[in-house]
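Each ligand, and each atom within it, is numbered from 1 in the order the structure gives. Just so it is clear, the values below take in all heavy atoms, side chains as well, and ignore hydrogens, waters and symmetry mates.
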Amino acid sequence: LIKLSEKEHEKHVGEKLSAKIPYSKLTDVLDKIEAESSRLKITAIVSEFFLEILKQSTVDKLVKIVYLFINRLGPDYEPDLELGLGETILIKAISECYGRPSTKIKKDYQEVGDLGLVAQKSRSGQPTMFKPAPLDVDQVFENLTKIAKSTGKDSQAKKISLINKMLTACNAKSSEAKFLIRSLEGKLRIGLAEKTVLIGLAQAFVNYEAKDSKRINPEKLTQSEDVVREAFSQIPNYEILIRNAYEYGIFNLLDHCQLTPGIPLKPMLAKPTKSISEVLDRFQGEEFTCEYKYDGERAQVHLLHDGTVRIYSRNSEDMSERYPDLISIMKDFIKTQEGQAPSMILDCEAVAWDRVANKILPFQVLSTRKRKDVDEKDITVHICLFAFDILYFDNEPLITKSLKERRQVMEENLTPMDGKFQFATAKNSSNLDELQQFLDQSVKDSCEGLMVKMLNGKESYYEPSKRSRNWLKLKKDYLAGVGDSLDLVVIGAYIGRGKRTGNYGGFLLASYNQDTGEYETTCKIGTGFSDEDLASLHTKLKPTEISVPKPYYVYDTTNSNAKPDVWFEPTTIFEVLTADLSLSPIYKAAHQEYGKGISLRFPRFLRIRDDKGIEDATSSTQVSEFYERQASVN
Ligand code: ATP
């Protein structure tokens, strides 16, 4: 770090604080990224820019820039920070602000397919009478936040007025209008993956801290990337991450970014497997355990230091309002220490429970529970919470303890109670027949199958946000297919005919490419829907229809079969079953890898997955993994 005298330091900080960063400086960088396809070069552009900000500006500005880069306004778990405005409101704003009729804007949009570019073109074509004050990063960030948070009956007008103010201030010579509109739409689509932003941050900090940036050891860079990734998976909050890296140094980050009750961590995920013998091969010679795989909703239960209980979804959404019944009984199961409940984080599955027959109810029953503002006295669908892991206990993170030890902490400090709070049923065995019986029993007990987990040593540590080989899911129903269901994004639909007239008759589904941020088509689906499903899907999806496919939808433009009758905003995920996967001349999943895309054969609708964010859909890489595994078995 540059050593400054106290006076110089004060002056330096003072200048940094008052200096505004023009928004066009940021959009110039976004332009550069958009024009670049090499991931390495993109990472270099990102890290150089972050480094420049670190040197010349404040941490606070860097945090805002990072959020603008990933098109978010705060951590995932903070509510009401979503952008994603519809095309109607944006067309209205562009039309009003740039004085062009909305029919013209719409026409341009049909032709160009990108509202950002249309806004940019409209801006450049508009004569400017006087030069408005330039936009700066703080201003854009604050206005976007106001727009995201504005609700209620005047919100539409408020949003349009804020958008207008910003659009008017956009510099006609830069790409400000283009990126502002794309931000408002909820996607920058410059091929910048979030993992690149994390790597960019790590590199920027290493360079910032280095005495001589020309002599940075590549190993150090890799180490710093691992540290940043690990810290972020424990505390998925850029502000905390950046502030701690700035204050304590990048290599001390893990001492300061550790699990904290009240901040949901990204859950550990499992890899699919197709048979018990595959499990035995994988865990050969190791001690492992099998647990029932409950079919409900993931619930990360946090007991804060002040005694507050909070429950978070798989997707880090705060579900406390949804489960007031769990909140009020939680403390009954925790053994208090001197009258005080210790802080903790539990990983659980919330399952619907039949209190008369004393048994688990299917997922469909759970999904009938209201999602928000649930009043405890109106609850008819009761919940039993099945705890399968403990990640933090009494001020101590436990993720680097073995599963055996974590279980022991759970068993010693929590008291299960039938039908309300139980530990996941488990069996430690490596006998094929015994496991087969246990799998059958799990299904008889209304579970989806088994979760198989490493029990001892490093491989049994809890790995936040990772899809790990140390957790395998064995789903009974899918053993005949590819081993698992897929969760795909609905991007279009086909008009229903015959019995389906008036509803959509089929849907176009896509996987999510985590590297490019694009949605790649995987299949058309028309099977597995009841009449009620089709009617409610029509009601749900109709308002999300868009006149032009998103520029980040990858589909075959030449084949009419692959082109739906209507396109949607990406808002909904279908869980689907497939007989197998094959290379296809029309569909596009993982097409960069194979030349052709991979598609699902005989896809069948199972349910809507509303506990997953759109970017948590099955990735194109996962689709290709399913395809490869299947190829190696056949
Ligand atoms: P993905 O498809 O991304 O793996 P998913 O949520 O669809 O995510 P599943 O195939 O349902 O994953 O399998 C993992 C899920 O199973 C967990 O997220 C959790 O909600 C649930 N689950 C039920 N019982 C257990 C258990 N004993 N241990 C771990 N997870 C369990």
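For ligand 1, residues of the protein lying within 4.0 angstrom by heavy-atom distance are Glu291, Tyr292, Lys293, Tyr294, Arg298, Arg314, Glu349, Phe388, Met451, Lys453, Arg467, Trp471, Lys473, Lys475, Asp487, Arg609, Lys612.
Between the Glu286 side chain and the Phe283 main chain, no donor and acceptor come within less than 3.5 Å of each other.
Contact check on Arg72 versus Glu194 returns a salt bridge, with a Lys/Arg side-chain nitrogen under 4.0 Å from an Asp/Glu carboxylate oxygen. A salt bridge does not link Arg298 to Asp611: none of the charged nitrogens lies less than 4.0 Å from a carboxylate oxygen. A salt bridge links Asp515 and Lys195; the closest N-O separation between the charged side-chain nitrogens and carboxylate oxygens is under 4.0 Å. Using a cut-off of 4.0 Å between Lys/Arg side-chain N and Asp/Glu carboxylate O, Arg189 and Glu518 are scored as not salt-bridged. By the 4.0 Å N-to-carboxylate-O rule, Arg406 lies too far from Asp347 to be salt-bridged with it.
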